[in-house]
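I have placed the structure first, in the form of structure tokens, so that the comments after it can refer back to it.
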Amino acid sequence: MIKRYTAEMIKNVALISHSGAGKTSLAEAMLFDTGMVDRLGKTDDGNTVMDFDPEEIKRKVSISTSIAPAEWSGIKINILDTPGYFDFVGEVKSALRVSDCAVILIDAVSGVEVGTDLVWQYADEKNLPRMIVANKIDRENANFDNAVDSLKKSFGSKVVPFQLPIGQEASFRGVVDLVEMKAVTYQEGQGQKPQVGDIPADLKGRAEELRGALVEAAAEGDDELLMKYLDGGELTLDEVKTGIRKGVLAGKIVPVLCASSLRNIGVQPILDAIAAYMPSPSDAGEAKGINPKTKTEVARPVSSDAPFSALVFKTMADPYVGRLTVFRVYSGIIKSDSQVYNAAKDRNERIGQVFILKGKQQEAVAEVCAGDIAAVAKLQETTTNDTLSDAANPVIYEATSFPAAVFSVAAKPRSKGDEEKIGSGLARLTEEDPTLKVERNPQTFETILSGMGELHLDITTERLKRKFGVDVALDAPKVPYKETIRGTTKVEGKHKKQTGGRGQYGHVFLELSPLEPGNDFEFVDKIFGGSVPRQYIPAVEKGIRECMVEGVLAGYPVTNIRVTLYDGSYHPVDSSEMAFKIAASMAFKKGCLDAKPILLEPIMKVEVTVPDQFMGDVMGDLNKKRGKILGMEPRGNNQVIKGLVPFAEMTRYAIDLRSMTQGRGVHSMEFSHYEEIPSSVAEEVIEQAKKEKEAQSK
């Protein structure tokens, strides 16, 4: 049973890194060492607390943020274990939104990787204090000094080693604590019972050198300590710790520790450092939001005595309790069996049982105080990014900014009749994952599923099958080409049929001419003298509109066209709306063929943000994709390339860009306009359309 903690005694810590650095293994070791679990879970064995989703167990990677509490030295540490793959960046962003600090893991063999740069940038965006763990020190070719050098090169002198490894690679057995100048060693399988002793003789000189740099960094964290240090005074251990904490909170010091989380070596000192140096919700200060009624800024102190407020940062579908809403309490107290106000939706919500999460397990609690993280089931209106508050003191907090989807596919049911189930299933999944987007393309009639990459959408379809019983196939989305004309022509359409009894007669003269881009269709009635009776003119327009759905070149919709009805004739008995509709469609099809028909393709406005060294490759690739570069501008350490590129060339661009830039490039795109397709490409599109039509007719 987890006891009740005040905000001063809570630490909300996000574990973030490049994929494969060992975040989940570290989280499992932290839970084991603090007694929250009685066995050390391993990703390879599929028995971890944090990776509990069937897809995570199957793939041996984290795909969503998991939360579990650990109690250590009178502190409650809420561990938020985030995914490392780029495809699940939304999970990282939402975890950092409600965390007060971050632990960044690096692989001691690889050092700083692409994902390390990205998560550092995300932590910068939230101005979060952080520490670094060089993990996997026991791996072959692991080198702590090289890892620290790569950190300093990337992130500057604020990176300060707090430990030295005792032994490297397979012989790694402990750490030198540079703050207290002691050795902490472990026997295999005894991670909960470290031995504290003297620093090995071969490491003493290096340890003293590094401690000198650490003490200097600590002194710079506090003005009084700095004066004492500059005057030649020696800082006490307590003063060093005070300086470190102030420096960490101010972002001037980023401690570097080392560990093997898989072998549970060096994990307890990480817990000690979190407890000693990382900020609590109280240190993070009051939460600021907007009063929805007055539209003015309001501040909520991190206090259980303040009015209740909380931000929903995650929504989960639990097979037993239904939808789980996960939130961080910023002020006040939330109690089970109470009522709160959703300011974003202007709705009251009934709170049932409040839970503390431990992976997939839920522990019922009577109340949760300011600074803590909890969950509640079966809220009716509340979704991710909503603020819950006291009805008399409403507030709306800043929402998590999720990245826009960059990769799209067409989702088609493998079984007939599953279209509705696909829609409802995907709607439920988008509630859980705000980086997913689902829309119906009105032209191609495809369900378009968009996300952050191939893996993201692949896992989404697996979840759709497992949770909702719908098996879908993913395919590249059809390009919504259109057709138009470049010339002007006059054409006659006559429909005359005699079958005994009343016949059919409709006769029209049309003029077809191109319209300016952006104007879909214009129908002009220039009938004089009643050559076509007024009651049949709407039928003429309807016949044309129905024909425009499928053009004459490749069956794509016709656009940018003006059709003028200027003459015709009728029969007093045999004419009808249907006859004039057919006559108009005959004339329209013939006229389109005569008026120099062309194919149009959608052009996307594209922005690509890349580091300087990849700019040439990216621009060359955009040119190969028939793109037009409009310009470049610097943004921080990156360059932003702006251009116009055909949509047909961009369907797999997220994958291409990731490959070209080692994952460092990002892009966004939005529809700009339609443009004529080059004749060589148009021939291929027309040929492909013919093949598809033949295949459908068989």
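We use all heavy atoms of the structure for the numbers below, so side chains are in, but hydrogens, waters and symmetry mates are not.
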Let me see the working for Arg463 and Asp53 under salt bridge (charged side-chain N to carboxylate O under 4.0 Å, His left out), right down to the final yes or no.
CA-CA 10 Å; Arg463 284 178 158 176; Asp53 185 279; 3.3 Å; yes
Between Glu454 and Arg658, is a salt bridge (charged side-chain N to carboxylate O under 4.0 Å, His left out) present by the stated rule, with each step listed?
CA-CA 11 Å; Glu454 265 187 315; Arg658 199 172 285 179; over 6 Å; no
Could you walk me through whether Arg664 and Asp117 pass the salt bridge (charged side-chain N to carboxylate O under 4.0 Å, His left out) test, one step at a time?
CA-CA 9 Å; Arg664 287 181 164 87; Asp117 284 331; 3.2 Å; yes
Apply salt bridge (charged side-chain N to carboxylate O under 4.0 Å, His left out) to Arg97 and Glu398, showing your working.
CA-CA 9 Å; Arg97 173 66 183 84; Glu398 180 188 0; 5.0 Å; no
Yes or no on side chain to side chain contact (heavy atoms under 4.5 Å, CB included) for Ile274 and Val103, after CA distance, side-chain angles and deciding distance?
CA-CA 9 Å; Ile274 291 171; Val103 173; 4.2 Å; yes
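Counting heavy atoms of neighbouring residues, nucleotides and ligands inside a 6.0 Å radius, atom CZ of Phe402 exceeds 12 of them. Atom NZ of Lys465 is surrounded by 12 or fewer heavy atoms from other residues, nucleotides or ligands within 6.0 Å. Heavy-atom contacts from other residues, nucleotides or ligands closer than 6.0 Å to NZ of Lys126 number more than 12. A 6.0 Å sphere centred on NZ of Lys288 holds no more than 12 heavy atoms belonging to other residues, nucleotides or ligands. Within a 6.0 Å sphere centred on NZ of Lys246, other residues, nucleotides and ligands contribute 12 heavy atoms or fewer. Surrounding CG of Asn127 are at most 12 heavy atoms belonging to other residues, nucleotides or ligands under 6.0 Å away.
Scanning for side chain to side chain donor-acceptor pair (under 3.5 Å) contacts around Ser19 gives an empty result, with sequence neighbours left out. Remark: Tyr277 engages Phe162 in a ring-ring contact (aromatic ring centres under 6.0 Å, His included) (not counting sequence neighbours). With sequence neighbours excluded, the residues forming a side chain to side chain donor-acceptor pair (under 3.5 Å) with Glu8 are Thr6, Ser282, listed by chain and number. By the side chain to side chain donor-acceptor pair (under 3.5 Å) test, Tyr397 is found to be paired with Ser309, residues two or more places apart in sequence or in another chain being considered. In terms of the side-chain contact (heavy atoms from CB on, under 4.5 Å) criterion, residue partners of Ala473 (sequence neighbours excluded) are, by chain and number, Arg414. The salt bridge (Lys or Arg N to Asp or Glu O under 4.0 Å) test applied to Arg59 returns Glu55, Asp458, not counting sequence neighbours. With sequence neighbours excluded, the residues that form a salt bridge (Lys or Arg N to Asp or Glu O under 4.0 Å) with Lys642 are Glu607, Glu633. By the side-chain contact (heavy atoms from CB on, under 4.5 Å) test, Ala405 is found to be paired with Ser450, residues two or more places apart in sequence or in another chain being considered. Scored by the salt bridge (Lys or Arg N to Asp or Glu O under 4.0 Å) test, Asp124 finds Arg130 as partners (sequence neighbours excluded). With sequence neighbours left out, the side-chain contact (heavy atoms from CB on, under 4.5 Å) criterion links Ala399 to Asn385. For Arg545, the salt bridge (Lys or Arg N to Asp or Glu O under 4.0 Å) partners at least two apart in sequence or on another chain are Glu541. Applying the side-chain contact (heavy atoms from CB on, under 4.5 Å) test to Pro54 and every residue at least two apart in sequence or in another chain returns Arg466.
Each of Thr435, Leu436, Thr460 was scored for a side-chain contact (heavy atoms from CB on, under 4.5 Å) with Thr430, with one residue passing: Leu436. In summary, of the residues considered (Thr24, Val119, Val89, Ile16), a side-chain contact (heavy atoms from CB on, under 4.5 Å) with Thr82 occurs for Ile16 alone.
Put simply, the side chain of Leu128 does not reach to within 4.5 Å of the side chain of Asp100, judged on heavy atoms. Side-chain contact between Ile104 and Trp120 is present, with heavy atoms from C-beta onward closer than 4.5 Å.
Neither side chain, Thr325 nor Thr315, offers a donor N or O lying under 3.5 Å from an acceptor on the other. Donor-acceptor pairing under 3.5 Å is recorded for the side chains of Asn78 and Asp372. Lys23 and Ser17 share a donor-acceptor pair across their side chains, judged by distance under 3.5 Å alone. In the model, Thr387 has no side-chain atom that pairs as donor or acceptor with a side-chain atom of Ser389 under 3.5 Å. Judged by distance alone, the side chains of Ser99 and Asn12 never bring a donor and an acceptor atom under 3.5 Å apart. Side-chain contact of Tyr5 with Glu71: a donor-acceptor pair under 3.5 Å is present, judged by distance alone. Between the side chains of Asp51 and Thr48, not a single donor N or O lies within less than 3.5 Å of an accepting N or O. Using modelled atom types and a 3.5 Å distance limit, the side chains of Glu349 and Thr382 yield a donor-acceptor pair.
Remark: Thr400 OG1 to Leu311 CG distance equals 6.0 Å, nearest 0.5 Å. For the atom pair Asp346 CG and Lys293 NZ, the distance stands at 7.5 Å (nearest 0.5 Å). Here the straight-line distance linking atom NZ of Lys482 with atom CG of Asp520 works out to 6.0 Å at 0.5 Å rounding. To the nearest 0.5 angstrom, Ile67 atom CD1 is 5.5 Å from Leu357 atom CG. Leu429 contributes atom CG, which lies 12.0 Å from atom CD1 of Ile459 (distance to the nearest 0.5 angstrom). Here the CD atom belonging to Glu439 is positioned 7.0 Å from the CD1 atom belonging to Ile448, to the nearest 0.5 angstrom.
Side-chain atoms of Arg440 come within 3.5 Å of backbone N or O of Phe445 as a donor-acceptor pair. Using modelled atom types, no side-chain atom of Lys605 and backbone atom of Met669 make a donor-acceptor pair closer than 3.5 Å. Put simply, the side chain of Asp87 gets close to the backbone of Leu455: a donor and an acceptor are under 3.5 Å apart. Checking side-chain atoms of Lys60 against main-chain N and O of Gly46 turns up no donor-acceptor pair under 3.5 Å. Counting only distance, with no hydrogens or angles, the side chain of Glu91 and the backbone of Thr65 share a donor-acceptor pair below 3.5 Å. Judged by distance alone, with hydrogens and angles left aside, the side-chain atoms of Lys358 form a donor-acceptor pair with the main-chain N or O of Met36 at under 3.5 Å. For Gln353 (side chain) and Val365 (main-chain N/O), a donor-acceptor pair under 3.5 Å exists by modelled atom type.
Aromatic pair Tyr653/His667: ring centres closer than 6.0 Å. Proximity of the aromatic rings of Tyr330 and Phe327 is defined here by a centroid distance below 6.0 angstrom, and this criterion is not met.
Across all their heavy atoms, Tyr556 and Val479 have their closest contact at CE2-O, 4.0 Å. The shortest heavy-atom contact between Ser64 and Lys314 is CB-NZ, 3.7 Å.
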